[in-house]
Number of protein chains: 2
Amino acid sequence: MFTATEENYLKALFRLGALSEGGKGPAGTNELALELDIRPATVNGMLKKLREKGLVEQRRYGKILLTEAGRLHAVEVIRKHRLWETFLYEKLHFTWDEVHDVAEQLEHIRSVHLTDRLEEFLGYPSVDPHGDPIPDKEGRMPPEVRRTLAESEEGHAGRIVGVCDNSAEFLQYLDRLGLSLGLRLTITRHIPFDGSVELESAGIRMIITRKVAENLLVD
Amino acid sequence: MFTATEENYLKALFRLGALSEGGKGPAGTNELALELDIRPATVNGMLKKLREKGLVEQRRYGKILLTEAGRLHAVEVIRKHRLWETFLYEKLHFTWDEVHDVAEQLEHIRSVHLTDRLEEFLGYPSVDPHGDPIPDKEGRMPPEVRRTLAESEEGHAGRIVGVCDNSAEFLQYLDRLGLSLGLRLTITRHIPFDGSVELESAGIRMIITRKVAENLLVD
DNA sequence: AAAAAAAGTTAGACTACCCTAATAAAATAT
DNA sequence: ATATTTTATTAGGGTAGTCTAACTTTTTTT
Ligand SMILES: [Mn+2]
Ligand SMILES: [Mn+2]
Ligand SMILES: [Mn+2]
Ligand SMILES: [Mn+2]
């Protein structure tokens, strides 16, 4: 039905929020090209195909919107990606910085039966190893209404429920800092000087940079 | 390193026994084309590339032999294929006629770490759901010295340890006959008239056609 | 409103993989 | 030893996906 390449374009558009509602709004050719690390000229050609397949809507020189069919398929690929990441993490004991690259391949395996059995085998998980929600079979995904640590007020207590940046670089840094999903913490102070955030967890006080705080989600 | 297409060519050559020793000997272009269901002209072009990559040896108008590098990679792909089939069968409860098609996709996922962890997760299985041996990390595969039911003598008692034909059509037929891997049976009679084989298993007598008998392996 | 910058498109080329039709070489049969 | 058949190769063409360089349209700045 769809090639791995087409699926990656759809996923990138979804990530950029190219939805008629709920998202950041339509994306542009250059923006999409940047996201995919592919040249705009190439993206332009692929968009023609995606339009013809009814997966995106775009007027000449205009912005790109995912159609309902496009959105549904993007979510299906994201569902597979996150289920595979969960499998790698829970069953094969990959670390959370190792799962993404392999899931990037596994997400393109075509077999509805496989996806559903995998989901069952994993016990119908609701989030992947990075705290991202896993869409259900019908493409429903719980809306993410999570605040970053940077925008939570002083005194707030909660758990780390997700990360915004899934790069191995960032995740390994978190491991080094001793920060992982589910960790309970309290924000003790926002430091005005450089935006650093002071927090306390399990009786230990620590300071993280603003950049780290912006990429951590808390409940 | 290698594309999925290249891997399928190597696997087909291995299946045809294009080894310098142990196999049926070198394969021809047409034979390989038939195996892959691709036209000889196309195969001819791909062979040029495989030669340049040092995976096969072939003189102009000559037969095709896998090099050591080619053989090793073919076995690596077969290893992945059989491990995935085992995973689908053991963990996701696929039936033995459903596993092959999905494994045909999964075998091309690139990650040595994944293969090794999967093998560990499965408990280092020695055979896949069809009784075919699973090569180890170093590419060693126990030689298959198994006899078909058709060539075993009357009175022989043993277990079904494998099938020659992995098609869903054949495997579903076996299910219908109540024949599965590990089943103990005794050959009671070879019927000269049409080559059918009469056998007895768990106190039940049954007759299978010659074609079925030729595709069942016993120990 | 004109100039400059940014965004989007077109043209032409390349690799990977596939095809059919025609041709050349090798193997087999007469 | 030819003739026939089989096998292998070449020539030319197609789709998918990528690139660079040049060009056009839209947006932003002055
Ligand atoms: Mn991921
Ligand atoms: Mn992908
Ligand atoms: Mn198989
Ligand atoms: Mn394959």
Side-chain angles (χ1 to χ4, degrees), chain A residues 1-13 15-18 24-66 70 73-74 77 104-105 107-110, chain B residues 1-13 15-18 24-66 70 73-74 77 104-105 107-110:
Chain A
M1 197 61 166
F2 303 117
T3 67
T5 301
E6 289 169 340
E7 292 186 333
N8 286 338
Y9 275 77
L10 294 178
K11 219 171 41 134
L13 281 167
R15 211 164 30 233
L16 292 174
K24 188 170 78 59
T29 305
N30 282 11
E31 198 182 352
L32 180 54
L34 202 67
E35 179 73 19
L36 288 163
D37 195 21
I38 289 174
R39 271 7 85 208
T42 307
V43 169
N44 192 58
M46 182 62 64
L47 284 172
K48 181 168 185 293
K49 187 163 58 136
L50 295 177
R51 280 194 306 267
E52 284 162 358
K53 287 199 171 188
L55 297 169
V56 307
E57 272 170 15
Q58 185 193 25
R59 294 193 317 286
R60 225 178 121 80
Y61 289 98
K63 298 297 180 184
I64 312 150
L65 266 182
L66 281 171
H73 195 73
V77 177
E104 205 58 43
Q105 299 178 58
E107 71 187 2
H108 303 293
I109 302 290
R110 268 177 293 269
Chain B
M1 197 59 166
F2 302 117
T3 66
T5 301
E6 288 169 342
E7 291 186 335
N8 287 337
Y9 274 77
L10 294 178
K11 219 169 41 133
L13 281 167
R15 210 164 32 233
L16 292 174
K24 189 167 77 53
T29 303
N30 282 10
E31 196 182 355
L32 180 55
L34 203 67
E35 178 73 19
L36 289 163
D37 194 21
I38 288 174
R39 273 6 86 208
T42 306
V43 168
N44 191 61
M46 181 63 64
L47 283 172
K48 181 170 184 293
K49 188 163 57 137
L50 294 177
R51 280 195 306 268
E52 284 164 357
K53 285 198 172 190
L55 297 168
V56 307
E57 271 170 18
Q58 184 193 24
R59 292 193 319 287
R60 231 179 114 84
Y61 289 97
K63 299 295 181 184
I64 311 149
L65 266 183
L66 281 170
H73 196 73
V77 178
E104 204 58 42
Q105 298 178 60
E107 71 188 1
H108 303 293
I109 301 290
R110 269 177 293 267

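Just so it is clear: chains get the letters A, B, ... in the order the sequence lines come, proteins before strands, and each one is counted from 1. Side chains are part of it too, since the values below use all heavy atoms of this structure and drop only hydrogens, waters and symmetry mates.
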Nearest whole Å is fine: how far is [N] [atom2] from [X] [atom1]?
X: Arg59(A); N: dG8(C); atom1: CZ; atom2: C1'; result: 14 Å
X: Leu36(A); N: dG8(C); atom1: CG; atom2: P; result: 14 Å
X: Leu50(A); N: dT9(C); atom1: CG; atom2: P; result: 13 Å
X: Ile64(B); N: dT7(D); atom1: CD1; atom2: C1'; result: 11 Å
X: Tyr61(B); N: dA27(C); atom1: OH; atom2: C1'; result: 14 Å
X: Gln58(A); N: dA7(C); atom1: CD; atom2: P; result: 15 Å
X: Asn30(B); N: dT5(D); atom1: CG; atom2: P; result: 17 Å
X: Glu7(A); N: dA16(D); atom1: CD; atom2: P; result: 16 Å

Quick one: salt bridge (Lys or Arg N to Asp or Glu O under 4.0 Å) partners of [X], sequence neighbours excluded?
X: Glu7(B); result: none
X: Lys63(B); result: none
X: Arg39(B); result: Asp37(B)

When you compare the protein's N or O atoms with those of nucleotides 16-23 of chain C, which come within less than 3.5 Å of each other, and at what distance?
residue: dC17(C); atom: OP1; partner: Thr3(B); partner atom: OG1; Å: 2.5
residue: dC17(C); atom: OP2; partner: Lys49(B); partner atom: NZ; Å: 2.1
residue: dC18(C); atom: OP2; partner: Tyr9(B); partner atom: OH; Å: 3.4
residue: dC19(C); atom: OP1; partner: Arg39(B); partner atom: NE; Å: 3.4
residue: dC19(C); atom: OP1; partner: Arg39(B); partner atom: NH2; Å: 3.1
residue: dC19(C); atom: OP2; partner: Arg39(B); partner atom: N; Å: 3.1
residue: dC19(C); atom: OP2; partner: Thr42(B); partner atom: OG1; Å: 2.9

With Glu35(B) via side-chain contact (heavy atoms from CB on, under 4.5 Å) - residues at least two apart: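 For Glu35(B), the residues satisfying side-chain contact (heavy atoms from CB on, under 4.5 Å) (neighbours in sequence not counted) are Ala12(B), Arg15(B), Leu16(B).
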
What residues form a side-chain contact (heavy atoms from CB on, under 4.5 Å) with Ala74(A), not counting sequence neighbours?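 So Ala74(A) forms a side-chain contact (heavy atoms from CB on, under 4.5 Å) with Leu10(A), Phe14(A).
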
Using a heavy-atom cut-off of 4.0 Å across all strands, would you classify Lys48(B) as base, sugar-phosphate, or nothing?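 It contacts nothing in the nucleic acid.
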
Could you say whether Lys63(B) or Arg60(A) is positioned toward the 5' end of DNA chain D, judged by the nucleotide with the nearest heavy atom to each?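 In this pair, the answer is Lys63(B).
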
Kindly compute the distance separating OH (Tyr9(B)) from NE2 (His73(B)), expressed to the nearest 0.5 Å.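 Output value for this atom pair is 15.0 Å.
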
Return the NE2 to CZ distance between His108(B) and Phe2(B), rounded to the nearest 0.5 Å.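 That separation rounds to 13.5 Å.
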
For dT9(D), take OP1 and OP2 only and decide whether either is under 4.0 Å from a side-chain N or O of Asn44(B).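 For dT9(D), OP1 or OP2 has a side-chain N or O of Asn44(B) closer than 4.0 Å.
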
